[in-house]
Amino acid sequence: LAVATSCARKLASETLAATGLDKYFDALVGGDEIKRGKPCPEIYLRAAARLKVPPAKCIAFEDSTVGLAAATSAGLFTIVGPELGQPVKPPTGAWCLLRSHMQALPLFP
């Protein structure tokens, strides 16, 4: 698992550590580590590279329209959280919209 966040790496790392979630992630890419932020796919491509997993084998969970665009253009299958709702202009690529976060549970063994 990886975190690909627009916030600075140090802040994301500190937040994950403070909540105890850091142990669940193998990689972290902060917005300050890339040249172009979302909707550019760079952050997702870098996260996949750090995991040593091809983007086409990755799944992104997103809650923003620019994040959805970034993940799908990077070639990731993207699951959109219910907070975002249906994007005004759906991106090309594989993605789905959940009505509830609980709908994601059956997707994972």
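Keep in mind it's a predicted model, so treat the numbers as computed, not measured.
- Residue pairs meeting the side chain to side chain donor-acceptor pair (under 3.5 Å) criterion with at least one partner in residues 40-51, sequence neighbours excluded, are Glu33-Arg50, Glu42-Arg46, Tyr44-Glu62.
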Audit row: Leu16, Val3, side chain to side chain contact (heavy atoms under 4.5 Å, CB included) steps and yes/no: CA-CA 10 Å; Leu16 289 171; Val3 173; 3.9 Å; yes
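- Distance check, rounded to the nearest 0.5 Å: CD1 of Ile59 to CZ of Phe77 gives 7.0 Å.
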Trace of the side chain to side chain contact (heavy atoms under 4.5 Å, CB included) decision for Val80 with Asp63: CA-CA 6 Å; Val80 179; Asp63 63 355; over 6 Å; no
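- Across all non-hydrogen atoms, the minimal contact from Pro55 to Ala74 is CB-O, 3.3 Å.
- Here the straight-line distance linking atom OG1 of Thr5 with atom CD1 of Ile43 works out to 6.5 Å at 0.5 Å rounding.
- Here the shortest heavy-atom pairing between Ala70 and Cys40 reads CB-O, 3.4 Å.
- Cluster membership for Leu68 and Val66, using ILVMFWY side-chain heavy atoms within less than 4.5 angstrom, is not shared.
- Under the 4.5 angstrom side-chain criterion for Ile, Leu, Val, Met, Phe, Trp and Tyr, Leu45 has no cluster partners at all.
- Taking CH2 from Trp95 and CG from Leu76, the interatomic distance works out to 15.5 Å, rounded to the nearest 0.5 Å.
- Ala27 and Leu51 make their closest contact through CB-CD2, 4.0 Å (heavy atoms, listed as atom of the first residue, atom of the second, distance).
- Clustering ILVMFWY residues whenever any of their side-chain heavy atoms sit less than 4.5 angstrom apart, transitively, puts Leu28 in a cluster other than the one holding Leu11.
- The NZ atom of Lys38 sits 11.5 Å away from atom OG1 of Thr65, with the distance rounded to the nearest 0.5 Å.
- The OG atom of Ser6 sits 10.5 Å away from atom CG of Asp32, with the distance rounded to the nearest 0.5 Å.
- Once rounded to the nearest 0.5 Å, the distance linking NZ of Lys52 with CG of Asp26 reads 11.0 Å.
- The shortest non-hydrogen separation linking Ala48 to Cys58 is CB-SG, 3.9 Å.
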